[in-house]
2 protein chains.
Amino acid sequence: MITSTEEDYIKAIFNISQSGKRELVGTNQIAEQMSTTAASVTDMLRKLSNKEMILYEKYKGVKLSPSGTAKAMSLLRKHRLWESFLVEKLGFAWDEVHDIAEQLEHIQSLELVDRLDKYLGYPKFDPHGDPIPDPHGTITIRNQIVLSTMEDESVGIVVGVKKHDKDFLHHLNQVGINIGTEIKLIHKYSYDQSIKLLVNNKEEALLTSKVCENIFLKKIK
Amino acid sequence: MITSTEEDYIKAIFNISQSGKRELVGTNQIAEQMSTTAASVTDMLRKLSNKEMILYEKYKGVKLSPSGTAKAMSLLRKHRLWESFLVEKLGFAWDEVHDIAEQLEHIQSLELVDRLDKYLGYPKFDPHGDPIPDPHGTITIRNQIVLSTMEDESVGIVVGVKKHDKDFLHHLNQVGINIGTEIKLIHKYSYDQSIKLLVNNKEEALLTSKVCENIFLKKIK
DNA sequence: AAATAAATTTAGACAAATCTAAAAATAATT
DNA sequence: AATTATTTTTAGATTTGTCTAAATTTATTT
């Protein structure tokens, strides 16, 4: 058996290895992600290594083993399906569901996840536009570009976001941006890379480059 | 904060005090219910007493304090709402949902429970016919009688069951009995108190007295 | 290459929840 | 009322996940 805490570490390792460039993940990186100390991480790495969930060499770093990766995909699947349920069926906003899904993803029952998947109509993406792994861990890849790389006059539909924290999502809500929103790029200011754009052919908005780097779109013009 | 394990103990104390006759619950009773030892129970009782969830006198027994009772009702509400969701929305059978709901009831979020309640249409009873407490802990009492006390020729609708274990519920499935099933009592044999009855005006069935003591009905004739 | 800085691991300790075995208190029986 | 029997509690040990402080290894800088 694997404990809830061990699952959290596996998720952290997966997330870091996805976002970072290096193949191996460091102890301090995990410690920061988990809001704990490097010493605690080392203890846990030894345990996960004994259970063959990770490949671990002292002082060098870790990466997920095949079974660790499978576990991470299973957690991702559960997390994203529950987020979809909370938004689609219970009417939560996309910036309110992360903490609840964080708890729900630890519920043990394959039957439950598969039935939830069916009930939701086998969605391919969650409320933040992240792909939902199927029962075999396969993910649908989408053709998307980052808002900050688009050119003047081009038009796109928002399909996802890179950051998931409440503050960022709440800011997007305030300027009227959500999944499915149409965006027309009016002008990118070369001075600071900030972007003026038209939201849903109605409202104008100005986004800093920092924000634009975290928004994914499907280009339609 | 209260841990998941502490919540399990509170539920156990509540369940025992409901089913039994005495006001105070004994250490051994709790140990049996939780599948643990009396020593472990004593340790936990001291903790729950410090948190003022229970009223505890050494060697005498325990009962829930007002805040302990409120916590028990909250857990009961969550458990029964999740069971309703699993059966009504995800299509599970009533004998498959207990273990999953046992995990789901520990999810922390008042907002989630209240939204789930609304999504289900504010049900008053769960798939086993047990009453679902409202947000204030209030329960709807139903006018029900036990099958073993009914007389020949009388007719009723099954509204609940006293036992919830898989084996018992599965046996009821096999003879075609569920919540809402109409039952006509053909004859009660005085020899062993077993009962012959007509299920949904179609099938005949013979139930032992042990089984009949655990089925609740609303009398309609 | 030696010295300093940074990252990582070990050592030892702590709180939560559990256990076994032994002691103490209460209940039942003669 | 004295003696068993039962129930409950204490004492001491174990496991999991965590911590601080110290030691060790790797990386960087002079």
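Chain naming here is simple, since letters A, B, ... match the order of the sequence lines and numbering starts at 1 in each. Below, each value reflects all heavy atoms present in this structure, side chains not excepted, and no hydrogens, waters or symmetry copies. The shown structure was predicted, so the numbers you read here are calculated from the model rather than taken from an experiment.
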Let me know the distance between [atom1] of [X] and [atom2] of [N], rounded to the nearest Å.
X: L24(B); N: dT8(D); atom1: CG; atom2: P; result: 11 Å
X: D43(A); N: dT20(D); atom1: CG; atom2: C1'; result: 12 Å
X: I2(B); N: dA16(C); atom1: CD1; atom2: C1'; result: 14 Å
X: Y9(A); N: dT16(D); atom1: OH; atom2: C1'; result: 12 Å
X: N28(B); N: dA5(D); atom1: CG; atom2: P; result: 17 Å
X: L45(B); N: dA16(C); atom1: CG; atom2: P; result: 16 Å
X: I30(B); N: dT9(D); atom1: CD1; atom2: C1'; result: 14 Å
X: M44(A); N: dC19(D); atom1: CE; atom2: C1'; result: 14 Å

Check each residue of residues 50-60 of chain B for a non-hydrogen atom within less than 4.0 Å of any atom in DNA chain D, then write out the ones that pass by number, or none. Y56(B), K58(B), Y59(B)

Give one of base, sugar-phosphate or nothing for [X], where a contact means two heavy atoms less than 4.0 Å apart.
X: T27(A); answer: sugar-phosphate
X: T37(A); answer: base
X: T42(A); answer: base

Apply the test side-chain hydrogen bond (donor to acceptor under 3.5 Å, both in side chains) to residues D130(A) and H164(A): give CA-CA distance (whole Å), side-chain angles for both, the deciding distance (0.1 Å), then the verdict. CA-CA 10 Å; D130(A) 293 317; H164(A) 295 71; 2.5 Å; yes

Nearest to the side chain of A38(B), which nucleotide is it out of dT18(C), dT9(D), dC19(C)?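 Within the option list, the nearest is dT9(D).
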
Among dT20(D), dT10(D), dT18(D), which is the nearest nucleotide to the side chain of R46(B)? dT10(D)

Only distances under 3.5 Å count here; give the side-chain donor-acceptor pairs of residues 49-57 of chain A to other protein atoms, sequence neighbours excluded, each with its distance to 0.1 Å.
from	atom 1	to	atom 2	distance (Å)
N50(A)	ND2	R46(A)	O	3.3
K51(A)	NZ	M1(A)	O	2.9
K51(A)	NZ	E6(A)	OE1	3.0
K51(A)	NZ	E6(A)	OE2	3.0

Cut-off 3.5 Å, no hydrogens considered: what does the side-chain donor-acceptor table look like for residues 70-80 of chain A, sequence neighbours left out?
from	atom 1	to	atom 2	distance (Å)
K71(A)	NZ	E7(A)	OE2	3.3
R77(A)	NH1	D117(A)	OD2	3.1
R77(A)	NH1	P133(A)	O	3.1
R77(A)	NH2	D114(A)	OD1	2.9
R77(A)	NH2	D117(A)	OD2	3.2
K78(A)	NZ	E105(A)	O	3.0
K78(A)	NZ	I107(A)	O	3.2
H79(A)	ND1	E105(A)	OE1	2.8
H79(A)	NE2	E83(A)	OE2	2.9
R80(A)	NH1	P131(A)	O	2.6

Validate the cation-pi geometry between R142(B) and F125(B): distance from NZ or CZ to the six-membered ring centre under 6.0 Å, angle to the ring axis within 45°. yes

For [X], is the [atom1] atom crowded, meaning more than 12 foreign heavy atoms sit under 6.0 Å from it?
X: E102(B); atom1: CD; result: yes
X: K210(A); atom1: NZ; result: no
X: R22(B); atom1: CZ; result: no

Any side-chain N or O of S40(A) less than 4.0 Å from the OP1 or OP2 oxygen of dC19(D)?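 Yes, within the criterion.
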
Return the 5'-most residue of the pair G26(B), A39(A) with respect to DNA chain D, ranking by each residue's nearest nucleotide. G26(B)

